[in-house]
Every structure is written in structure tokens, then in C-alpha cells.
Colleague: 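Would you mind keeping the following structure in view while I ask a few things?
Within every chain, numbering begins at 1; the chains are lettered A, B, ... in the order of the sequence lines, protein sequences first and strands thereafter.
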Number of protein chains: 2
Amino acid sequence: MAEKVTIATVAAHAQVSRQTVSNVLNSPHIVREETRRRVEEAIAALGYRANQAARQMRTGRSHLLAVRIEPTRDGINGSVLDRFLHGLTFAAAAAGYRVMLYTADGDGDEIKTFDDLLASYDLDGFVLTGTDHGDVRTFWLAERDVPFVTFGRPWDAPERHSWVDVDNADGTAQATRRLIETGHRRIAFIGWPAGSGVGDDRRDGWQRTMKAYDLDPAGLDRGASDSIPNGAECARDLLTMPDAPTAFVCASDSLALGALQAAGGRKAVTGFDDTPVAQAVGLTSVSQPLPEAAARCIDLLIHHLDGSPTGTHQVLLQPSLVVRTTA
Amino acid sequence: MAEKVTIATVAAHAQVSRQTVSNVLNSPHIVREETRRRVEEAIAALGYRANQAARQMRTGRSHLLAVRIEPTRDGINGSVLDRFLHGLTFAAAAAGYRVMLYTADGDGDEIKTFDDLLASYDLDGFVLTGTDHGDVRTFWLAERDVPFVTFGRPWDAPERHSWVDVDNADGTAQATRRLIETGHRRIAFIGWPAGSGVGDDRRDGWQRTMKAYDLDPAGLDRGASDSIPNGAECARDLLTMPDAPTAFVCASDSLALGALQAAGGRKAVTGFDDTPVAQAVGLTSVSQPLPEAAARCIDLLIHHLDGSPTGTHQVLLQPSLVVRTTA
DNA sequence: CTTTCGACTTTGAACGTTCAAGACCGTGGA
DNA sequence: TCCACGGTCTTGAACGTTCAAAGTCGAAAG
């Protein structure tokens, strides 16, 4: 059908050389006004679009970013990634970049994939989600000067690399404050076992808020791995206390759902992540600004790519409490 | 750090020409056994990986596939796409392809994106999800001989292009059969308004099964757009009937959740899609084999790319009923 | 002994772009 | 008048790969 339109086609049509067309695209200021207009008209008339592969060969820049897509971890929280991905793709497109997906089985496999993607496709950068303590992946990438941004901060050394994160403590603080303001005094926290950065942060938010209101959090704290049954068990355990809690702040919607089941709907419960499940059952939950987080990730990444490679940058976003029927 | 390893590096190391290395990679059979081994050793020793951009320039094949990522439609069903995407990425990687994401606002915008992706990145093919009746996108792609596969069949002309789909009717049939076998006789269907291929198909499965067991489906059928409140309203409406239903087969987990709320847990309910919400609340639901569907999409697409371009192929997969506490 | 053939390998060119360097041209200072 | 200069544009080369065509060599055929 349409013959392939290359820079040469445009050049011929506008009566200039290849390089001038290239200049119009990449350094418009060095081209004379009138020439530039003529070339731009030719580009529009012919529907020319630069071939990325050829450009990449010369410049070494692919305009491709990679993100890992994980096999829906626990079913409930999976859709967080979904929304984040959409935001990334959208923001990347606006900046002239495209998002490529990859899968991996564990960190070791992921590093092998990094290597492969970099060698084969010359990827410009990575967005990592779900970073661990002392994440090997970040060291591998940093060592090779591969630009990357993580969604989730490195808890051991906040300034080691650029990241975007949501203020988890503020999320549970908001939830706790809301419960206190609606009259609750005995407010329990159901979270994950101590040791995970995110989990500890969410616990902190609850604890600090309790203390700020002169409420004693002692004994009202439980930890278990993320699942509905575990949430239910923790809640049941808390309810057998002498001075049993009247409300539960939970570190995830899964745990919250368990608490909700155990409490039979008679207690106030808040979750975290505002997953579709929360929307479905009317669970009050802390919502992360995912589209904005994604956009900031792209911002930071592109800043690394285009701008000065000086230093790292951090962005901390505030979550918001979505109040529904359970609190 | 590591100097760039090109085909020339490998050639020098193995004492052969560039072309021989290329042949080892692309047509090993025309290279002498011993030479091939030597080249392969050099490749391994140097960690060589073909540069896709350069390869693409010569061959016109990018080894890139594109999928649209949508802004989580209704919140509940969103995660279906998530799981499908993971399957696609995984299957594509196994076949030497990578998956690129794009977003679009409506079909018109999507076509503009097609154009852009094809011109800029030389995409090899597309996977489309959620096709409508007489989908403009499929015509546009077919007209330009761009390989594509849809997940979801074209209801007006099943053989117009290649597709992979799940047998929706079989899903609701399984659900209905299960309810009948557990003693229910008055089984209602809550679906979408007539006119959508998928929705009609799901209704058919229920209706046919009812008739197969000599049960009269008349009057037991409701339609509303997908949401929890709508599901609840349909269920309430059905429950006011003289000979009220004891069970509800629903076309989605959202509707099922509504029915569940309206029926107060006293009636049997089945949903569709086995979303995280269903898992969370114990809803019996029809599960689509998403990883397999994704793999088959990739199969078909690659068959179009590598093999003979003769004709189209169709794959219909069977869903399975995940029995939980609600039925 | 020469020719032909086949198996294998190499060479030059090309894909579409941008970099580096050079060419052109009119202006202004010496 | 001549030259240097800055602004503008053009030319050749290169990125890493594969295609097309040509080269090499030993063995079989004439």
C-alpha cells in the first residue's frame, strides 16, 4: 500500500538534504524559519514518522522502558499493578517513550532478563515495583549505570537511588484519625509481621496517631502474612481481649476483609489499597494515587535519561482515605 | 564497562566472517559442524546477543507485539486483563517476542496509535481484547495486512480473522447444571441487556441448560448494565415473583455480588470471571483459562508471522466452574 | 588434466537514521 | 580587495545486522 516514507522521501519532497530534515526534527533552532516550514509541511503531507530502530542504531537510545508484570500475587492486591501499569504507559507515551513488559521468576531470573533486554533491545530504563530490603536488582542496575526508578523506597538507604513512594504511615494515620473522630477509642491494628518496610510504616502510622490522641496502643497490635483467613484469626483473637477493640485498622484489604468477617460487620474496619474488593464490599480503605505515582516515576526516569545524571530524587505522595460503609 | 559485543567481535574471536556468525544464528544447517561449534563457543564466551534494532532494519521484523492496557473498566473485572497480560508476556518471551503496551481513548484513537506504532516501531502484530460488533479496528488492520489476533470472537462473522475465545455459553451451562444437580429448580439469570455477543452467549448457556432439564426459563431472565447495585436490583425484582427463584446465575461477578447482597446469602449465586472479589467473598464463579488463552493468542499470532498466511484460525477454550460457598 | 559441481565461506551493499566534517554564501572588518 | 566569520545546508560515514552475489576448495566427472 503506502510506500515506506523515510527521511529521504521527505528530503526530496521538501528539496533539502536528509540532514536538514533530521535537524528540523532534532534541533529546529539551527534551521532557517522558511526551510523549517517547508520541511514540516512535507512531513505532514507524507505522514512521515521517524523509524525508531534506525534512530536507535545511531544514538543508542531506544525510547523503550521496561516494567515487570507479576503473576497476580495474592489475587486481591493484583489489580494495583494493573492501574499502575496503565498510568505508566500513559505517562510514557506523553513523553515519547513506550513501555515493554517482561516476566521473571525471582530476582535472579529478573537480572538475567535485564541483561537480555539491555543487550537485545537497548532499553533506556527500568521501573521496578515491590523492592525488598537491600534489593539485589538495584545494585546490579546501579553498577551498570542503567537508569531506573523504583515504586517503593529502599528502606535501608533512602537516597541510594531515585524512587517514588506513597506515604504509608500517613495512610494508616488518616484511617486511625477518622476512627478516633467517629468515637472509637480501642482501635487495633492488624498488619504483617515486623520486618517489611511497608508493613512497619503502616503500623507506625497507626501507633503514632494513637499516641498523639493519648490512646494506648499496647496489646492492640497483631501481625500475620497477608490473607483473609489470617485477618479473621487476628481479629477473633483481639476480640477475646478483656477490653476488646471496637475498630480495626488493617494493612491490606485482604486482612481487612478477614477482620470484617470475624467481626460480623459490627465493628469498624479500614483496609489498605482500595482494591476492587473494597469497592465491592463497601470497605473503607486507603487509596494510593497510582496514576500520579506512575507519572512521577516516568518523570524521574526521563530526567535521568535526558537531563543531568547528578544525584537521585525522591518523591513521596500522600494517599487518601476512601470512606465507605465500614468505618 | 563491558565493551559492546557485536557480530564482528564474535566473528573475529571465532576466526570467521560476520556472515557465517549470522548463518549460525539464522540458518545453522548450512554451516559446517565444526565451524558452527566454534562460533557457538565464541558467542557463549563473549555473551553475544543480537541487536534487535539492527536486525529489524534489515529484516523489517521487530519481534515486538502490542497490547492495549485499559484503565480498569469497572474495578472488579479489571484484573482479568492483568492475568491475561502476564500470560501473554510469558508466552511471547518463550517465542522470542516482547510485549509492548499502549493506551487509547476509544477506537479512533486506537487506530491512530496503530499507525504510530507501526511506523515508528515496526510492530509485528497486535493482540486485541474486548472486540465489539463489527469492530473498526479489525478492518483497519486487515486492510493493511497487519497480523493480529483478538481475544473474543467477532460475533457477526466468525471466520473473518483469527481469534481465541472462551466458550461463555458452556460456562453458564456448567453453573446452571451444578445448581440443578444440587436441587434447584427455579434458577434465574441476571445478565446484560441483549445485544452484546458475550452477554447473549452467557444467557444462552443458562437457557439451553434449563430446557435440557425440562425447566421453564420464562420470566426468570433479567438484564442490566454491569454493576453491583444493578445486580441487587434485578435480584430483588426476581424475588418478588410469585414462584421466586432459589438460585441466580449471573453474567459477571459484579452482578453476582449484587444478587448476593439482595438475597442476604440465603440463595445460591454464581458469578463469572472468577475475579479476586469472588475469591474474597467465597463466590462460586466461572473461571476463564487466561494463561492458556494468552498462550494460544501468541501461538496464532506467531503462526501468522512465521508460517503461511493462509486463512484464519479459531480457538475456543472451555471455562471451568470454581465451586465455593455460594452454590 | 581440465571442467563442473556442491558445500561452505566471504564480500559488498543496504536498511534509515544521526554525527562529524565540510561546502556555500553573504556580511563586515582590515 | 581580500579574508575571516557565522549562519545555513550538504556530504560521507557509521551504527549492527542480513541479503545477494561472488569466492574458495576439494572431489567427482569428463
Colleague: If you measure from the Lys or Arg side-chain nitrogens to the Asp or Glu carboxylate oxygens, is any gap between B:Asp135 and B:Arg160 under 4.0 Å?
Modeller: no

Colleague: DNA chain D: A:Met57 or A:Val16, which has the more 5' nearest nucleotide?
Modeller: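 Its nucleotide being nearer the 5' end, the pick is A:Val16.
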
Colleague: Whole Å only: how far is the NE2 atom of B:His29 from the P atom of C:dG6?
Modeller: 16 Å

Colleague: Give me the one residue out of B:Arg296, B:Gln314, B:His304 that meets side chain to side chain donor-acceptor pair (under 3.5 Å) with B:Ser162.
Modeller: B:His304

Colleague: Would you call the rings of B:Tyr102 and B:Phe126 parallel, tilted or perpendicular, where under 30° means parallel and over 60° means perpendicular?
Modeller: perpendicular

Colleague: Side-chain contact test, heavy atoms from C-beta onward, threshold under 4.5 Å: evaluate it for B:Leu290 versus B:Phe151 and give yes or no.
Modeller: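 Yes. Closest side-chain heavy atoms under 4.5 Å.
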
Colleague: Distance check needed: C:dC8 C1' versus B:Gln15 CD, whole Å only.
Modeller: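 That distance rounds to 17 Å.
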
Colleague: Both A:Ala53 and B:Val31 contact DNA chain C. Which one's nearest nucleotide lies toward the 5' end?
Modeller: B:Val31

Colleague: B:Phe90 versus B:Pro291: any side-chain heavy-atom pair under 4.5 Å?
Modeller: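 Side chain of B:Phe90 against side chain of B:Pro291, heavy atoms only: no contact under 4.5 Å found.
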
Colleague: Starting from the first five and the last five pairs of the helix from C:dC1-D:dG30 to C:dA30-D:dT1, work out the angle between the resulting helix axes, to 10 degrees.
Modeller: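 The two end axes of the helix from C:dC1-D:dG30 to C:dA30-D:dT1 meet at 70°.
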
Colleague: Taking for each residue the nucleotide of DNA chain C bearing the nearest heavy atom, is the 5' side occupied by B:Thr20 or by A:Ile7?
Modeller: B:Thr20

Colleague: Considering non-hydrogen atoms only, spot the tightest contact between A:Ser62 and A:Asp124 and give its length.
Modeller: N-OD1, 3.1 Å

Colleague: Do B:Arg61 and B:Asp306 meet the salt-bridge criterion of a basic N to acidic O distance under 4.0 Å?
Modeller: yes

Colleague: Can you pull the contact range of chain B along DNA chain D, 5' to 3', using atoms under 4.0 angstrom from its heavy atoms?
Modeller: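 Listing 5' to 3', DNA chain D meets chain B from D:dG16 to D:dA20.
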
Colleague: Closer than 4.0 angstrom, basic N to acidic O: yes or no for A:Asp116 and B:Arg98?
Modeller: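 Yes.
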
Colleague: Using 30° and 60° as the class limits, which term best fits the ring planes of B:Phe114 and B:Trp140: parallel, tilted or perpendicular?
Modeller: tilted

Colleague: Under 4.0 Å between a side-chain nitrogen and a carboxylate oxygen: does that hold for B:Glu40 and B:Arg37?
Modeller: no

Colleague: So which heavy atom on B:His13 is nearest to which on B:Ala42, and how close?
Modeller: ND1-CB, 3.4 Å

Colleague: Anything under 3.5 Å between a protein N or O and an N or O of nucleotides 19-23 of chain C, put it in a table, one pair a line.
Modeller:
residue: C:dC19; atom: O4'; partner: A:Arg58; partner atom: NH1; Å: 3.4
residue: C:dC19; atom: N4; partner: A:Gln19; partner atom: OE1; Å: 2.4

